[in-house]
Amino acid sequence: MEHEKIERINELARKKKTVGLTEKELEEQTALRQEYLRGFRENMEAVLQNTVIQHPDGTRTPLQKKPRH
């Protein structure tokens, strides 16, 4: 996510605490937060896919994704 968008998220959060947001600003804030979270989750997924567990005997096992119930 671009630095400008993160700054805008922070700006809207500060404004919400002080004077409140208009309906349009609330929609913008929601959309920006969703975009940020989507990017964060994608990045975390990539990190976890490249993570391995090294056992005491030296063998390495990639992390396994937990099955969803």
Side-chain angles (χ1 to χ4, degrees):
M1 175 173 255
E2 299 89 30
H3 180 70
E4 294 80 23
K5 288 185 178 183
I6 294 173
E7 286 297 317
R8 181 65 177 153
I9 290 171
N10 292 331
E11 179 183 329
L12 289 169
R14 285 189 295 272
K15 184 176 178 188
K16 185 177 182 178
K17 289 180 182 178
T18 57
V19 295
L21 299 175
T22 66
E23 192 66 35
K24 186 177 178 184
E25 288 171 328
L26 283 171
E27 291 173 8
E28 178 186 9
Q29 183 184 41
T30 301
L32 287 170
R33 283 183 173 174
Q34 291 301 318
E35 182 181 344
Y36 175 81
L37 288 173
R38 188 172 35 256
F40 177 84
R41 288 180 182 121
E42 288 172 2
N43 184 50
M44 185 55 66
E45 181 78 25
V47 168
L48 292 174
Q49 286 177 355
N50 293 310
T51 302
V52 295
I53 297 171
Q54 184 165 348
H55 301 280
D57 64 1
T59 59
R60 297 173 64 151
T61 309
L63 288 179
Q64 299 293 318
K65 196 168 187 176
K66 260 184 148 174
R68 290 184 140 183
H69 297 261

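Values reported hereafter were calculated over all heavy atoms of this structure, with side chains retained and with hydrogens, waters and symmetry mates removed.
Transitive grouping of hydrophobic side chains (ILVMFWY, heavy atoms separated by less than 4.5 Å) brings L21 and Y36 into a common cluster. A single hydrophobic cluster is not seen to contain both L12 and V19; linkage of ILVMFWY side chains at heavy-atom distances under 4.5 Å, directly or through other members, places them apart.
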Just do the side-chain contact (heavy atoms from CB on, under 4.5 Å) check on E42 and R38 with the steps written out, would you? CA-CA 6 Å; E42 288 172 2; R38 188 172 35 256; 3.8 Å; yes

Does the pair M1 and I9 meet the rule for a side-chain contact (heavy atoms from CB on, under 4.5 Å), with working shown? CA-CA 11 Å; M1 175 173 255; I9 290 171; 4.1 Å; yes

Decide yes or no on salt bridge (charged side-chain N to carboxylate O under 4.0 Å, His left out) for K24 and E27, but give the supporting numbers first. CA-CA 5 Å; K24 186 177 178 184; E27 291 173 8; over 6 Å; no

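The line from CD1 of I53 to CD of Q64 is 9.0 Å long, rounded to the nearest 0.5 Å. Put simply, OG1 on T51 and CE on M44 are 9.0 Å apart, with the number rounded to the nearest 0.5 Å.
By the 4.5 Å heavy-atom criterion applied to side chains, R41 and L37 are counted as neighbours. Between Q29 and L26, the closest side-chain pair of non-hydrogen atoms falls below 4.5 Å.
E28 pairs in a salt bridge (charged side-chain N to carboxylate O under 4.0 Å, His left out) with only one of the listed residues (K15, K16, R33, R8), which is R8.
No donor-acceptor distance shorter than 3.5 angstrom exists from the side chain of T59 to the backbone of H55, with no hydrogens or angles considered.
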